[in-house]
Trainee: 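Got a structure for you, questions after.
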Amino acid sequence: MTEVRQFVFFDFEMLCSKEGMSYANMESIRLGAAKYDIDTQKITYFDRFIKPKQTEPLSIFCKELTQISDNDIASADSFPLVLDDFIKWIGNIKQSRFFSWSSNDISRLELDAFSHDVPRSKIAPIKNRYVDFQAIFSKRVSKTNPSVENALALYGLQFEGDKHNPMYDAYNTLRIYLAFSEEFVKTDLIMLNQFIFQNQEVTVEDDINGRLKTLLKEDLQHLFNDISIISNIRSAKKLLKRTGKLVKKYENILLNRSRMFNEEILLYVRLLVDFYHNLIGSYNKHYSYGCKIIIFHEHMTTPLQQITA
DNA sequence: ATGACGATTAACTACGCAGG
DNA sequence: CCTGCGTAGTTAATCGTCAT
C-alpha cells in the first residue's frame with residue numbers, strides 16, 4: 001500500500017434545463033478541483049471548461065445557475081483532452097485520494113468517459129481511490145445530507161468564492177474535510193447534536209457523559225420494555241429494527257475522535273453494538289430453522305439490562 | 001374448508017433537501 | 001424548473017389465527 005500524500009477534491013458542472021433532462025444527457029461542461037498536499041498543506045487548483053458533444057446553446061436556466069456562457073464551452077477542449085490535463089495536473093495518482101460532494105460527480109466522470117470511449121483503465125485508478133465525502137459526512141457527523149454551505153455552517157464557516165464554480169465548490173468541500181478531520185471536539189459536538197441531542201443543543205461546558213448516560217439508559221429501558229426472554233419471531237424483528245436505529249444513533253461515539261467520552265459510555269455503546277450483532281445472529285438462526293418463537297440467552301440480554309437497572 | 005378479524009408487510013405518497 | 005434519494009406516514013394487500 002503506497003502512502004497517501006495528497007487529497008484531490010473535484011466537482012463537475014453539467015448541462016441542465018428548467019424542463020429537466022435525463023441524467024445521461026447532462027454532459028459535463030466544467031471541471032474544477034482543489035488539490036491538497038498533506039505535507040506542505042499547500043492547495044493548488046484546477047479549472048477547465050469542457051465542450052460537450054451536444055452543440056445546442058445552453059439553457060437560460062443553466063447559464064444563470066452556473067454563470068457559464070455558450071462561448072466558454074464552444075472554445076473549450078473536449079472531455080478526453082480535459083481529462084488528460086486533469087490527470088497530468090493530479091500528478092501521482094497512486095499517492096492520491098479523491099473526494100467529491102455526493103456521488104454525482106464520480107458517476108459523471110464514468111459516464112462521460114464511457115461516452116467518449118475513454119478506456120476504463122484511465123479512470124479506474126481514480127475510482128479506486130475515490131470516496132463520496134458527503135456520504136461519509138452524513139454518516140459520521142450530520143445524519144442527513146447537507147449542502148456544502150450547510151456543512152460549512154455547522155463548523156461556523158462560510159462559503160468562500162463563487163457558488164456553482166466547481167473549483168470553489170471543490171475548495172469548500174476540502175475546507176469541510178479539513179474541519180472534519182482536524183477539529184475533533186467540534187466534529188463530535190456537531191455529531192452529538194445531530195444524532196442524539198436534537199433540539200437541546202449541547203456544548204463542551206455541559207456534562208456530556210452524564211447526559212449521554214441518562215439518555216442511553218432511557219433508550220435502553222424503552223427498548224427492553226416489552227421484550228421478554230421468550231418472544232415470537234415478529235416482535236424479535238421489531239426489536240432488531242429498533243436496536244439498529246439505536247446503534248446508528250450512538251455508534252459514532254465509539255470513534256471517540258475528541259476523546260471526550262469516558263470509559264463507561266464507551267462500554268455501554270459497545271454493549272449495545274454487541275447486543276445488536278448477537279441479535280442479528282440469533283434472529284437469522286431462528287429464522288432459518290423456521291422457528292416461530294425466539295429465546296434470548298441471558299448472556300445476550302443481561303449486560304445491557306444491567307445498565308438500565 | 002371457510003370466512004371474519006386483527007396483525008404485518010408492502011406499496012404508495014408526500015415531503016424535504018440535495019444536485020445541476 | 002427538473003431529477004434523485006432518503007424518511008415518514010398512510011393505505012392496501014396479505015397472512016395467521018381461530019371459531020364455525
Side-chain angles (χ1 to χ4, degrees), chain A residues 9-33 47-54 56-70 72-73 76 79 99-112 115 130-154 159 161-173 176 190 194-195 198-199 226-227 231-242 244-249 283 286-287 290-294:
Chain A
F9 288 76
F10 67 96
D11 181 45
F12 283 108
E13 295 304 305
M14 337 176 187
L15 294 173
C16 56
S17 90
K18 194 159 52 172
E19 283 74 36
M21 196 181 259
S22 77
Y23 189 69
N25 292 328
M26 295 173 77
E27 285 185 73
S28 53
I29 50 177
R30 192 176 192 178
L31 172 60
D47 178 24
R48 292 285 297 274
F49 291 107
I50 300 168
K51 179 156 73 179
K53 283 181 170 176
Q54 163 192 317
E56 309 242 322
L58 293 171
S59 68
I60 313 257
F61 179 78
C62 189
K63 284 179 187 162
E64 281 177 357
L65 183 77
T66 64
Q67 301 297 317
I68 296 172
S69 73
D70 288 317
D72 288 331
I73 59 171
F79 179 84
F99 303 84
S100 72
W101 195 249
S102 95
S103 59
N104 238 322
D105 302 283
I106 192 75
S107 327
R108 190 75 262 156
L109 181 70
E110 280 190 284
L111 278 175
D112 281 8
S115 77
Y130 167 82
V131 286
D132 171 3
F133 180 53
Q134 189 191 42
I136 305 270
F137 192 79
S138 61
K139 184 177 180 196
R140 296 301 188 198
V141 190
S142 69
K143 197 168 174 188
T144 55
N145 280 352
S147 59
V148 169
E149 200 176 5
N150 287 339
L152 285 168
L154 289 172
F159 194 97
D162 305 324
K163 284 165 202 164
H164 288 293
N165 176 324
M167 188 187 83
Y168 286 113
D169 281 346
Y171 167 63
N172 282 283
T173 308
I176 300 168
I190 297 166
Q194 298 286 313
F195 278 87
Q198 319 275 16
N199 31 27
D226 37 33
I227 284 303
S231 55
N232 66 44
I233 199 90
R234 310 231 169 262
S235 44
K237 195 169 184 183
K238 221 175 200 171
L239 180 70
L240 197 68
K241 248 185 158 175
R242 281 166 52 192
K245 280 194 173 176
L246 277 190
V247 168
K248 270 192 184 161
K249 179 174 175 180
Y283 178 84
H286 282 76
Y287 187 82
C291 299
K292 306 250 163 100
I293 293 289
I294 187 165

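Letters A, B, ... are given to chains in the order of the sequence lines, protein chains preceding strands, and every chain is numbered from 1.
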Trainee: Between A:Leu65 (CG) and B:dG20 (C1'), how many Å, whole number?
Mentor: 6 Å

Trainee: Would you classify A:Asn150 as touching base, sugar-phosphate or nothing, given that sugar-phosphate means primed atoms plus P, OP1 and OP2, and contacts are heavy atoms under 4.0 Å?
Mentor: sugar-phosphate

Trainee: Within less than 4.0 Å of OP1 or OP2 of B:dG19, is there a side-chain N or O belonging to A:Trp101?
Mentor: yes

Trainee: From C-beta outward on A:Met14, which listed nucleotide comes closest to its side chain: B:dG19, B:dG20, C:dA8?
Mentor: B:dG20

Trainee: Can you check the A:Glu19 CD to B:dG20 P distance for me, whole Å?
Mentor: 19 Å

Trainee: Whole-Å distance between C:dC5 P and A:Asp132 CG?
Mentor: 12 Å

Trainee: Kindly point out which of B:dG20, B:dG19, C:dC1 is positioned nearest to the side chain of A:Lys18?
Mentor: C:dC1

Trainee: At 4.0 Å (heavy atoms only), tell me whether A:Phe12 reaches a base, stays on the sugar-phosphate, or touches nothing.
Mentor: sugar-phosphate

Trainee: Taking the six-membered ring for Trp, are A:Phe99 and A:Phe133 parallel (under 30°), tilted (30 to 60°) or perpendicular (over 60°)?
Mentor: perpendicular

Trainee: Choosing from B:dG19, B:dG20, C:dA8, which nucleotide comes nearest the side chain of A:Lys245?
Mentor: C:dA8

Trainee: Starting from C1' on C:dC1, measure out to NZ on A:Lys63 and report it in whole angstrom.
Mentor: 16 Å

Trainee: Let me know the distance between CG of A:Asp11 and P of B:dG19, rounded to the nearest Å.
Mentor: 9 Å

Trainee: Between A:Leu58 (CG) and C:dC2 (C1'), how many Å, whole number?
Mentor: 17 Å

Trainee: Within the supplied structure, the quantity of interest is the number of heavy atoms (other residues, nucleotides, ligands) at a distance under 6.0 Å from A:Lys53 NZ; does it exceed 12?
Mentor: yes

Trainee: Locate the shortest heavy-atom distance separating A:Asp162 from A:Asp169; write the atom from each residue and the value.
Mentor: O-OD1, 4.5 Å

Trainee: Check this for me: A:Phe79, atom CZ, are more than 12 non-hydrogen atoms of other residues, nucleotides or ligands nearer than 6.0 Å?
Mentor: yes

Trainee: Would you mind classifying the nucleic acid contact of A:Asn25 as base, sugar-phosphate or nothing, using non-hydrogen atoms under 4.0 angstrom?
Mentor: nothing

Trainee: Whole angstroms only, please: what is the CG-P distance between A:Asn145 and C:dG6?
Mentor: 8 Å

Trainee: Looking only at side-chain N and O atoms, does A:Ser102 come under 4.0 Å of OP1 or OP2 in B:dG19?
Mentor: no

Trainee: Could you give the CG-to-P distance, from A:Leu111 to C:dG4, as a whole number of Å?
Mentor: 12 Å

Trainee: Which part of the nucleic acid, if any, lies within reach of A:Thr144 when heavy atoms closer than 4.0 Å are counted: base, sugar-phosphate only, or nothing?
Mentor: nothing

Trainee: Is it true that the side chains of A:Asp112 and A:Ser115 contain a donor and an acceptor less than 3.5 Å apart?
Mentor: no

